[in-house]
Amino acid sequence: MRRHHLSPVPSARHLLVAGAVTVATAVGIGVLAVGGGSSDGPRANPSASASAPAKAPDGLRHTSVEVSEGGCGHGWTDATRGKQVFDLRNTSSRPAEVYLTDPANGAVYGEVDGLGPGTSRPLSVTLGGGSYAFVCLPEDADAVTGPTVRVPGPARGGGPAAVPVSQQDLIPPTIAYQKWVAGRMDELVRRTDALRSAIHCGELATARAAWLPAHLVYERMGAAYGAFGDADGAINGTTAGLSGGVHDPDFTGFHRLEYGLWHGQSASALRPVADQLVKDVRKLREDWTQARMDPADLGLRAHEIMENTVQFELTGRTDYGSGTNLATARANVDGTRAVLRRLEPLLKPRAPWLPELKSDLDRTQRTLERSHHGDHWTTLDRLSRTGRQRLNADAGTLVERLSRVAALMDVRRTR
């Protein structure tokens, strides 16, 4: 997994919440067709009936809801079950986050982040019978909970809600993951030692065979890269951003050795590169005993591992000659599983789609393993068109599902 030139990852607040709520971006919303639920707040459509929200061109029921410190949730009085849209209008002078919650336990049904002053954005939800309340969290101000609204009828048919996790909730899985990474360090040192030994002996064929197993040990620790600091660039950096490309002196680590081993460089030229890699790996093992991962990052990393696999490994951007991107992608699936196993106690009560996520992981793994033949992996350019399409579809579905993990494990502001 690449650690230095990540694509911008959307905030978990803009991802799918509990698989049922889509938070729209502020771009391209246009003129909203909204109706007021009452005369409590400003009306975006003065001609709309005061007794019932208007039906918009999308065919859904729209209700205009105020977001402000003094009027949070005002405008929603005519409650009903089913799929609908709340057009959230920030009438205050501050940006705000907005949650639709169960006031009894704080479970979140939907959310909008970064709602600017004087702007509106839609929040699409599916509601069953029950009690709901909007929570407005203005920037640099205390949270405000709006009035509780009772939706009549049975609770069935509504979208699932997610009880927010706290920083404290995420500490045990983060510690468990750190211990798992620590348990991989000895193998990483052992395999890089074997790689260096082969290069020092001038056995470059043996070194090429030793390179991939060593590299995959490191790749499986993908969620820890944020805590590796500068060591990650030294151990697994690419030429991205280096003016000298593959000849730049700052190009070091696994990929520098990969380039040399598969481009005919001599053992004498590669010995100092191998020596530096072993030195950096041993230092990482030593420093890891004092490292601390941010618990708030763990859920996001589960998503980023496979997102960056799609961005870098499945495009071949990290291939410096070995043609082993698909092997790396397979290792990244293992790395994703390692994170999810630690998060599973938190995910089970919040993610009814967890079995589907596991199926997505299994499917992607099987698709990748079709390219593994003994000690050989098919290179990206040798995949059949059908095989490439299958891989893109499976990995894309997995990344989308993992975005929900990031959303659920996001530590939300509560006051």
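- Side-chain polar atoms of Gln276 and Arg256 form no donor-acceptor pair below 3.5 angstrom.
- Taken from CG in Leu398 to CG in Leu357, the straight-line distance is 6.5 Å, to the nearest 0.5 Å.
- Scored by the ring-ring contact (aromatic ring centres under 6.0 Å, His included) test, His247 finds no partners at all (sequence neighbours excluded).
- For Tyr320, the ring-ring contact (aromatic ring centres under 6.0 Å, His included) test picks out Phe251, His255, with sequence neighbours left out.
- For His372, the ring-ring contact (aromatic ring centres under 6.0 Å, His included) test picks out Trp377, with sequence neighbours left out.
- By the 4.5 Å heavy-atom criterion applied to side chains, Pro173 and Leu298 are counted as neighbours.
- Shown here are the side-chain contact (heavy atoms from CB on, under 4.5 Å) partners of Arg184, two or more places apart in sequence or in another chain: Trp180, Met221.
- Residues Arg190 and Asp186 are not in side-chain contact: their nearest non-hydrogen atoms beyond the backbone lie 4.5 Å or more apart.
- Ion pairing between Glu286 and Arg282 fails under the 4.0 Å rule for side-chain N and carboxylate O.
- Residues meeting the ring-ring contact (aromatic ring centres under 6.0 Å, His included) test with Tyr132, sequence neighbours left out: Tyr109.
- The shortest distance between side-chain heavy atoms of Leu88 and Arg121 does not fall below 4.5 Å.
- To the nearest 0.5 Å, the span separating CG on Leu123 from NE2 on His62 amounts to 11.0 Å.
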Side-chain donor/acceptor pairs under 3.5 Å, residues 144-163, sequence neighbours excluded:
none

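- Checked for salt-bridge contact, Arg61 and Asp78 meet the test: a charged N lies under 4.0 Å from a carboxylate O.
- Every residue two or more places apart in sequence or in another chain that forms a side chain to side chain donor-acceptor pair (under 3.5 Å) with Lys283 is listed here: Asp287.
- For the pair Arg401 and Trp353, the cation does not sit on the ring face, since its NZ or CZ is not both under 6.0 Å from the ring centre and inside 45° of the axis.
- Ser322 OG to Arg208 CZ: the interatomic distance, rounded to the nearest 0.5 Å, is 11.5 Å.
- Remark: Ser92 engages Ser68, Asn90, Arg94 in a side-chain contact (heavy atoms from CB on, under 4.5 Å) (not counting sequence neighbours).
- A salt bridge links Glu369 with Arg330: at least one charged nitrogen is closer than 4.0 Å to a carboxylate oxygen.
- Legend: residues meeting side-chain contact (heavy atoms from CB on, under 4.5 Å) with Asn325, ordered by chain and number and at least two apart, are Glu313, Thr318, Asp319, Leu380.
- The shortest heavy-atom contact between Glu69 and Pro138 is CG-CG, 3.5 Å.
- Sorted by first then second residue, the ring-ring contact (aromatic ring centres under 6.0 Å, His included) pairs that include residues 275-294, not counting sequence neighbours, are Phe228-Trp288.
- For Thr378, the side chain to side chain donor-acceptor pair (under 3.5 Å) partners are His373, not counting sequence neighbours.
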Q: Evaluate side-chain contact (heavy atoms from CB on, under 4.5 Å) for Phe86 paired with Val67, printing each intermediate quantity in order.
A: CA-CA 11 Å; Phe86 293 104; Val67 175; over 6 Å; no
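- Once rounded to the nearest 0.5 Å, the distance linking CG of Leu257 with CZ of Arg196 reads 11.5 Å.
- Remark: Arg366 pairs with Asp362, Arg363 by the side-chain contact (heavy atoms from CB on, under 4.5 Å) rule, at least two apart or across chains.
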Q: Output, in order, the C-alpha distance, side-chain angles, deciding distance and verdict of side-chain contact (heavy atoms from CB on, under 4.5 Å) for Leu361 and Gln365.
A: CA-CA 6 Å; Leu361 277 164; Gln365 178 174 324; over 6 Å; no
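- Counting heavy atoms from C-beta on, the side chains of Ile175 and Met293 never come closer than 4.5 Å.
- The heavy-atom pair separating Ala207 from Leu195 by the smallest distance is O-CD1, 3.3 Å.
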